[in-house]
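Here the structure is a predicted model, which means the values were calculated and not measured. All chains are named by letter (A, B, ...) in the order of the sequence lines, taking the proteins before the strands, and each is independently numbered beginning at 1.
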Amino acid sequence: MSELRVRFAPSPTGYLHVGGARTALFNWLLARKQGGTFILRIEDTDVERSTKESVDAILEGMKWLGLEWDEGPFYQSDSFPLYKEYVQKLVDEGKAYKCYCTSEELDAKRNLAMQEGRKPKYDGTCRERTEQPVGQPYVIRFRAPQGGVTSFDDLIKGTITFPNDELDDLIIQRTDGTPTYNFCVVIDDASMRITTVIRGDDHVNNTPRQVQLYEALGFPVPQFAHVPMILGSDKARLSKRHGATSVIAYRDMGFLPEALNNYLVRLGWSNGDDEIFSRDEMVQKFDIHNVGRSASVFNTEKLLWLNAHYIKNGDPERLADLLLPHLSKREVTTLNGPDLMAVVKTLQERAQTLEEMAERAVFYYNAPTGYDDAALAKFDKELLVAVLDTVAEKLASATEADVHGIDALFKDVCTEKGWKMGQVGQPTRIALSGGTQAPGIGEIVVTLGVEETIRRIQKAREYIAQK
RNA sequence: GUCCCCUUCGUCUAGCCCGGCCCAGGACACCGCCCUUUCACGGCGGCGACACCGGUUCAAAUCCGGUAGGGGACGCCA
């Protein structure tokens with residue numbers, strides 16, 4: 001067990017999105033790789049926007065991806081007394097002070113500064129104030145060091161330095177007495193003894209403030225690793241407008257968790273030219289130093305390719321289980337039809353998602369109620385009838401019931417009657433599935449069973465004869 | 001506006017730290033061919049990038065400087 005302690009700290013204001021999932025994955029990976037501890041912490045200091053539903057959605061997403069945490073979930077809202085204590089400590093030491101400026105005044109000053117092209121930072125009105133108004137609402141601000149620089153060594157981006165003059169006295173406690181984000185993270189990361197903070201790129205600018213806080217509080221400063229953003233196809237920050245961003249939405253669209261994990265880990269991180277990683281390989285090969293410095297675009301095409309790969313190589317039994325909800329969504333019941341595992345096997349090489357697989361599996365359970373007339377029109381009516389009759393007849397007396405045997409049977413029909421395989425296979429396929437996009441004839445017949453096959457062929461024959 | 005970060009094929013990336021093996025490799029997508037009873041799978045091939053400008057050097061994708069473009073932050077949100 002190493003001393004490494006990392007955490008994933010989402011704020012419960014929505015579902016778990018792919019960006020957060022990747023951050024969580026990197027944390028998890030590093031913890032597993034180094035035998036460290038992965039902690040889940042819910043950052044719900046914003047009582048207004050945090051919801052129980054969001055917490056549940058996030059946990060559901062994490063579990064689906066298999067990112068099991070070792071400690072937590074901890075809730076920041078449970079630590080309010082702790083934060084208060086530290087705020088008081090800073091005030092007592094003169095490292096924080098009360099500020100009576102109202103939000104309105106602050107907004108006005110900010111806007112003015114922006115207009116005049118200045119940095120919209122707090123002007124320090126209350127920093128050196130001596131008289132303390134009684135009964136007036138106030139916030140508490142951190143007395144940030146002036147002059148000099150604050151810098152830190154980012155595991156991904158290298159050394160990053162900020163002039164202290166760019167930083168202002170941030171609010172650490174609101175008018176209502178609740179603590180703010182930048183303060184809470186520091187207290188939490190310190191008290192949870194986090195050694196490495198892996199988080200989104202968008203936090204880089206918060207880091208120097210936090211470093212100052214660590215130092216003011218006398219806590220050791222952890223290491224930081226800021227992972228680049230995930231962008232949409234237009235290179236703008238990924239949002240709903242680019243399509244699905246929720247991890248659970250991907251599950252519902254028929255993606256496998258291993259595919260999403262594999263996709264996400266390759267977004268920003270690489271191990272030479274490797275593309276496919278099992279969980280174990282990921283853990284074994286992951287190295288935070290191989291995470292790229294630039295943002296990457298989320299590309300569904302590649303995710304689809306990976307998903308198809310994992311479907312193709314997946315365990316049919318497990319896939320069958322996972323397929324169930326997608327079938328019931330289509331009101332398909334597998335009770336009176338072929339074995340679902342057998343069905344899955346015929347579809348593994350033909351589906352990119354479980355949704356697609358379910359769609360393609362429907363005909364196995366619900367006999368076609370209509371046929372692809374356009375496809376049928378390519379053959380003479382007489383030929384169709386003759387083919388279906390012959391096939392049904394042959395099948396009725398068939399002794400072989402495996403795929404090879406059935407395929408051989410169709411070949412025999414062709415040689416005996418002088419037909420081409422296309423003239424026999426295609427009509428039969430349409431008779432059995434209703435359309436032209438289906439698994440191999442032998443596979444369908446064996447999966448469906450000879451009896452049901454003959455029934456369907458006869459039904460199609462009737463349909464064609466009556467036209 | 002200010003600060004911080006980023007910039008290799010359409011996309012994900014290797015290479016960059018430790019210049020030459022790179023007129024830049026892999027993958028997805030796309031195009032073509034092959035396989036084939038459909039749809040797929042698979043195989044083979046093709047298209048396609050070092051943002052730009054200077055400098056250092058015998059030699060630069062790799063080092064240095066600048067420019068441009070993009071992203072992020074600037075909240076009593078996290």
Describe the nucleic acid contact of A/R293 in one word from base, sugar-phosphate, nothing, applying a heavy-atom distance below 4.0 Å. sugar-phosphate
Mind checking whether A/Y310 and A/W305 have ring centres under 6.0 Å apart? no
Sticking with atom C1', work out how far B/A49 lies from B/U11, rounded to a whole angstrom. 12 Å
Taking atom CD as the centre, does A/Q88 end up with more than 12 heavy-atom neighbours from other residues, nucleotides or ligands that are less than 6.0 angstrom away? yes
Sticking with atom P, work out how far B/C22 lies from B/A60, rounded to a whole angstrom. 15 Å
OP1 or OP2 of B/G75 less than 4.0 angstrom from a side-chain nitrogen or oxygen of A/R110, does that happen here? yes
Compare the minimum distances between each of B/A14, B/C3, B/C76 and the side chain of A/L106, then state the nucleotide with the smallest one. B/C76
Between B/C12, B/U11, B/U37, spot the one nearest the side chain of A/K235, thanks. B/U11
With a 4.0 Å cut-off on heavy atoms, is A/H203 in touch with a base, just the backbone sugar-phosphate, or nothing at all? base
Donor/acceptor link under 3.5 angstrom from A/R350 side chain onto base of B/C39: yes
Give the rounded distance in Å between these two atoms: CE of A/M357 and C1' of B/C41. 13 Å
Using a cut-off of strictly less than 4.0 Å, decide whether A/S50 has a side-chain nitrogen or oxygen near OP1 or OP2 of B/A78. no
Suppose we define a pair by two distances each less than 3.5 Å, Watson-Crick or G-U wobble; what does B/A27 pair with here? B/U11
Sugar-phosphate, base or nothing in reach of A/P439, heavy atoms under 4.0 Å: base
Do A/D273 and B/G25 share a donor-acceptor pair, side chain to base, under 3.5 Å? yes
Between A/D201 and A/R237, does the salt bridge (Lys or Arg N to Asp or Glu O under 4.0 Å) criterion hold? Intermediate values first, please. CA-CA 12 Å; A/D201 212 339; A/R237 192 183 187 139; over 6 Å; no
Show the numbers, then the answer: is there a ring-ring contact (aromatic ring centres under 6.0 Å, His included) between A/Y371 and A/Y463? CA-CA 9 Å; A/Y371 301 93; A/Y463 171 83; 5.0 Å; yes
If you take atom types as modelled and just measure distance, does the side chain of A/E349 reach the base of B/G42 with a donor-acceptor pair under 3.5 Å? no
Between B/C9 and B/C30 - C1' atom distance, rounded Å: 12 Å
Output for pair (A/Y181 OH, A/L170 CG), nearest 0.5 Å, gives 11.5 Å
Hey, does A/T45 reach any base, or is it just sugar-phosphate, or nothing, if we go heavy atoms under 4.0 Å? sugar-phosphate
Round to a whole Å and report the spacing from NE2 of A/H309 to P of B/A27. 14 Å
Considering every strand and a 4.0 Å limit on heavy-atom distances, what is the contact class for A/S294: base, sugar-phosphate, or nothing? sugar-phosphate
Please classify the nucleic acid contact of A/T161 as base, sugar-phosphate, or nothing, using heavy-atom distances under 4.0 Å. sugar-phosphate
Closest to the A/N205 side chain: B/U38, B/C4, B/U13? B/C4
Which of B/U37, B/A29, B/A73 is nearest the side chain of A/E301? It is B/A29
Between P of B/A27 and CH2 of A/W269, the distance in whole Å: 17 Å
Can you tell me whether the base of B/C41 sits syn or anti, using the 90° cut around 0 to define syn? syn
Assign A/V424 to base, sugar-phosphate, or nothing according to its heavy-atom contacts below 4.0 angstrom with the strands shown. nothing
Could you state the atom-to-atom distance from NZ of A/K302 to P of B/C28 in whole Å? 7 Å
When A/F162 and A/L267 are each assigned the nearest nucleotide of RNA chain B, the 5'-most assignment goes to A/F162
Base, sugar-phosphate, or nothing for A/T436, non-hydrogen atoms under 4.0 angstrom? base
What interatomic distance, in whole Å, is found between P of B/A59 and the corresponding atom of B/C23? 15 Å
Let's see if you can work this out: which of B/A27, B/C74, B/A78 has an atom nearest to the side-chain heavy atoms of A/W305? B/A27
Out of B/A78, B/G1, B/C6, minimum distance to the side chain of A/S11 belongs to B/A78
With heavy atoms under 4.0 Å as the rule, sort A/R237 into base, sugar-phosphate or nothing. sugar-phosphate
Could you tell me whether A/K312 contacts a base, only the sugar-phosphate backbone, or nothing, with contacts defined as non-hydrogen atoms closer than 4.0 Å? sugar-phosphate
Determine, stepwise, if the pair A/E452 / A/K459 fulfils salt bridge (Lys or Arg N to Asp or Glu O under 4.0 Å). CA-CA 11 Å; A/E452 172 66 10; A/K459 196 175 150 202; over 6 Å; no
B/C76 OP1/OP2 closer than 4.0 Å to side-chain N/O of A/T180: no
In whole angstroms, how far is the P atom of B/A73 from the CZ atom of A/R209? 13 Å
Distance, C1' atom - from B/G71 to B/A27, rounded to whole angstrom: 25 Å
When you measure from the side-chain N and O atoms of A/K119 to the phosphate of B/A73, is any distance below 4.0 Å, counting only OP1 and OP2? no
So what does A/E275 hit on the nucleic acid, given a heavy-atom distance under 4.0 Å: a base, only sugar-phosphate, or nothing? base
Could you state the CG-P distance from A/N307 to B/A29, rounded to the nearest angstrom? 13 Å
Side-chain donor/acceptor contact of A/T175 with base of B/C76 under 3.5 Å: yes
Position toward the 5' end of RNA chain B (nearest nucleotide), A/A9 or A/D234: A/D234
Suppose you measure atom C1' in B/C64 against the same atom in B/G25; what distance do you get, rounded to whole Å? 27 Å
Please report the closest heavy-atom contact between A/G61 and A/L16, naming both atoms and the distance. C-CD2, 3.7 Å
Could you walk me through whether A/Y86 and A/F183 pass the ring-ring contact (aromatic ring centres under 6.0 Å, His included) check? CA-CA 9 Å; A/Y86 281 108; A/F183 187 70; 7.3 Å; no
Within the supplied structure, the quantity of interest is the number of heavy atoms (other residues, nucleotides, ligands) at a distance under 6.0 Å from A/R293 CZ; does it exceed 12? no
Round to the nearest Å and state the distance from A/D107 atom CG to B/C74 atom C1'. 13 Å
Could you work out the separation of B/G48 and B/U56 based on their C1' atoms and round it to a whole Å? 32 Å
Figure out the CG/P separation between A/D274 and B/G15, and round it to whole Å. 12 Å
Using atom P in both nucleotides, what's the gap between B/A29 and B/G66 to the nearest angstrom? 42 Å
Base, sugar-phosphate, or nothing for A/I441, non-hydrogen atoms under 4.0 angstrom? base
At 4.0 Å (heavy atoms only), tell me whether A/G292 reaches a base, stays on the sugar-phosphate, or touches nothing. nothing
Identify whether NZ of Lys or CZ of Arg in A/R141 sits under 6.0 Å from the centre of the six-membered ring of A/Y122 and within 45° of that ring's axis. yes
Applying a 4.0 Å non-hydrogen cut-off, can you work out what A/N206 is touching in the nucleic acid: base, sugar-phosphate, or nothing? base
